[in-house]
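Here the structure is laid out as structure tokens; the discussion comes afterwards.
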Amino acid sequence: MEDRVPAALLEWYDGHARAFPWRIAPGSAERPDPYRVWLSEVMLQQTTTAHAAPYFEKFAARWPTVKALADAPEEAVMAEWAGLGYYSRARNLIACAKAVAERGGFPETEEGLRQLPGLGAYTAAAVAAIAFGEAATVVDANVERVVARLFLIDEPLPGARKAIRAAAEDITPRERPGDFAQAMMDLGATICTTRAPKCLLCPLSAPCLARAQGRQSDLPVKARKKERTGRTGTAFWIERNGQVWLVRRPSKGMLGGMRALPDDGWSSRKDGSENAPIPGAWKAGGVVRHGFTHFDLELGLAIYAGEKFGALGEGEWWPIARIEEAGLPTLFAKAALLAMAVE
DNA sequence: TACCCGTGGTT
DNA sequence: TAACCAAGGGT
């Protein structure tokens, strides 16, 4: 099993590898640019390849090197990330780029990479294997699924993680570890899928223990998720002379560090206060519904257009005609569209 | 450990 | 349509 699996998988990968802008051909003697590997891996955390790909193209074109990214204005990087989600990734991306530029390049080992901000067990192993050829064991959700089925590990996640990692280590080859990691992920994404796995096309169907018992679709077993809650809040569209008032959210917490409309302090833990930032003749602008990972938000929109205002605090007037360039996260982009439709 | 942190596609 | 989930990391 330990020798047969990587050989069969790599042979399959040579003919079936997906093409991505951050990838080079399987079996290539060249190694991919560590910067591009790192950038893609961070973008791909909990994110589909289809969603991440255009962001990767934009970032790689605008900031072709880690030095260029490190020297970029932080606001520009955050705005370019808008819509991709999990904004702590962008904050860590900036911190990591600065650290790497400062030390003159990426660390070339899994252990060294693991020390960088935004690189956890998965990403450090992935960059080490793909960019530097280290035989690091890469475990993401795809690998967990493939390994749980291949070795019939039926203990529920997350408890099964230790056993899954141990099994994954046993089949990680010394040769082509980067291709092996990407092959495991391609297999999980295209053949060994969550629902309706295509076992007839699978290069690992022969050694697969779950397949032998017809239990492949039941693995891996997952613990039930916590129930989602509902929250309400209000966002405020303050308009003057074709401009709208935008603020920057605190760096920690929801949508941290992103440009936004002022709001009433809603969060995943509590509803908003409904208190407006300034007194005025507020007009109801409708409601935006937006689903976050663990709660649903019903965001009321209040609109006020005028000439004179009281003190608004920290923020900036932004031309409404160029609102798309503000880099608003999706929730506030929706609210802005609604406000502009109401006007 | 359990929870927080986005988004958009699929069933 | 409500639920699930995708190349996870930080705390």
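These values consider heavy atoms only, across backbone and side chains, with no hydrogens, waters or symmetry-generated copies. Sequence lines set the chain letters: A, B, ... in the order given, protein chains first and strands last, and positions in each chain run from 1. Predicted, not measured: the structure shown is a model, and the values here were computed from it.
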Specify the residues of [range], ordered by number, for which at least one heavy atom lies under 4.0 angstrom from an atom of DNA chain B.
| range | answer |
| --- | --- |
| residues 43-54 of chain A | A:Q46, A:T47, A:H51 |
| residues 77-96 of chain A | A:G83, A:L84, A:G85, A:Y86, A:Y87 |
| residues 264-272 of chain A | A:S268, A:R269 |

Protein-nucleotide distance ([X], atom [atom1]; [N], atom [atom2]), rounded to Å:
| X | N | atom1 | atom2 | value |
| --- | --- | --- | --- | --- |
| A:K252 | C:dT11 | NZ | P | 7 Å |
| A:Q182 | C:dA7 | CD | C1' | 10 Å |
| A:R161 | C:dG9 | CZ | P | 11 Å |
| A:Y55 | C:dA7 | OH | C1' | 17 Å |
| A:M185 | C:dG8 | CE | C1' | 12 Å |
| A:K222 | C:dG8 | NZ | P | 10 Å |
| A:W38 | C:dG8 | CH2 | C1' | 16 Å |

- Query: Given that A:R195 and A:L328 both sit by DNA chain B, which one's nearest nucleotide is further toward the 5' end?
  - Reply: A:L328
Ion pair [X]/[Y], N-O distance below 4.0 Å:
| X | Y | result |
| --- | --- | --- |
| A:R114 | A:E111 | no |
| A:D296 | A:R231 | no |
| A:D218 | A:R149 | no |
| A:R91 | A:E74 | no |
| A:R248 | A:E314 | no |

- Please tell me if the side chains of A:V147 and A:M184 come closer than 4.5 Å, counting only heavy atoms from C-beta onward. yes
From [atom1] ([X]) to [atom2] ([Y]), nearest 0.5 Å:
| X | Y | atom1 | atom2 | result |
| --- | --- | --- | --- | --- |
| A:L301 | A:D263 | CG | CG | 11.5 Å |
| A:L187 | A:K198 | CG | NZ | 10.5 Å |
| A:T48 | A:H51 | OG1 | NE2 | 6.5 Å |

Got a donor-acceptor contact below 3.5 angstrom from the [X] side chain to the [Y] backbone?
| X | Y | result |
| --- | --- | --- |
| A:W266 | A:K270 | no |
| A:D179 | A:P26 | no |
| A:K98 | A:L93 | no |

- Task: Heavy atoms of chain A, cut-off under 4.0 Å: which first and last nucleotide of DNA chain B, 5' to 3', fall inside that, if you could look?
- Result: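 Terminal contacting nucleotides, 5' to 3': B:dC4 to B:dT11.
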- For A:K334 and A:R289, work out which heavy atoms get closest and say how close. NZ-O, 3.2 Å
- Search all heavy atoms of A:A333 against all heavy atoms of A:L328 and return the closest pair with its distance. N-CB, 4.0 Å
- Task: Please say whether more than 12 non-hydrogen atoms of neighbouring residues, nucleotides or ligands are located less than 6.0 Å from CD in A:E11.
- Result: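 For A:E11, atom CD is not crowded (no more than 12 foreign heavy atoms under 6.0 Å).
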- Taking atom CD of A:E57 as the centre, report whether more than 12 heavy atoms of other residues, nucleotides or ligands fall under 6.0 Å from it. yes
- Note on the structure: When A:A189 and A:R114 are each assigned the nearest nucleotide of DNA chain C, the 5'-most assignment goes to A:A189
- Item | is_close_aromatic(A:W245, A:F236), centroid dist under 6.0 Å | no
- Query: Between A:W237 and A:Y304, is the gap from one ring center to the other below 6.0 Å?
  - Reply: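 Not close enough - the centres of the two rings lie 6.0 Å or further apart.
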- Message: At 4.0 Å (heavy atoms only), tell me whether A:S40 reaches a base, stays on the sugar-phosphate, or touches nothing.
- Response: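 The residue A:S40 makes no contact with any strand.
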- Message: At 4.0 Å (heavy atoms only), tell me whether A:P158 reaches a base, stays on the sugar-phosphate, or touches nothing.
- Response: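 The residue A:P158 makes no contact with any strand.
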- For DNA chain C, the residues among residues 7-26 of chain A that have a non-hydrogen atom under 4.0 Å from it: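 A:R18, A:F20, A:W22, A:R23, in order of number.
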- Item | Close approaches to DNA chain C from residues 138-148 of chain A, in residue order (heavy atom, under 4.0 Å) | A:D140, A:A141, A:N142, A:R145
- Task: Measure up the A:H290 and A:F292 rings against each other and bin them: parallel (under 30°), tilted (30 to 60°), perpendicular (over 60°).
- Result: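 The arrangement is perpendicular - the two ring planes meet at more than 60°.
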Taking atom [atom1] in both [N] and [M], what distance in whole Å separates the two?
| N | M | atom1 | result |
| --- | --- | --- | --- |
| B:dG8 | C:dT1 | C1' | 16 Å |
| B:dT11 | C:dA7 | C1' | 22 Å |
| C:dA2 | B:dC5 | P | 23 Å |

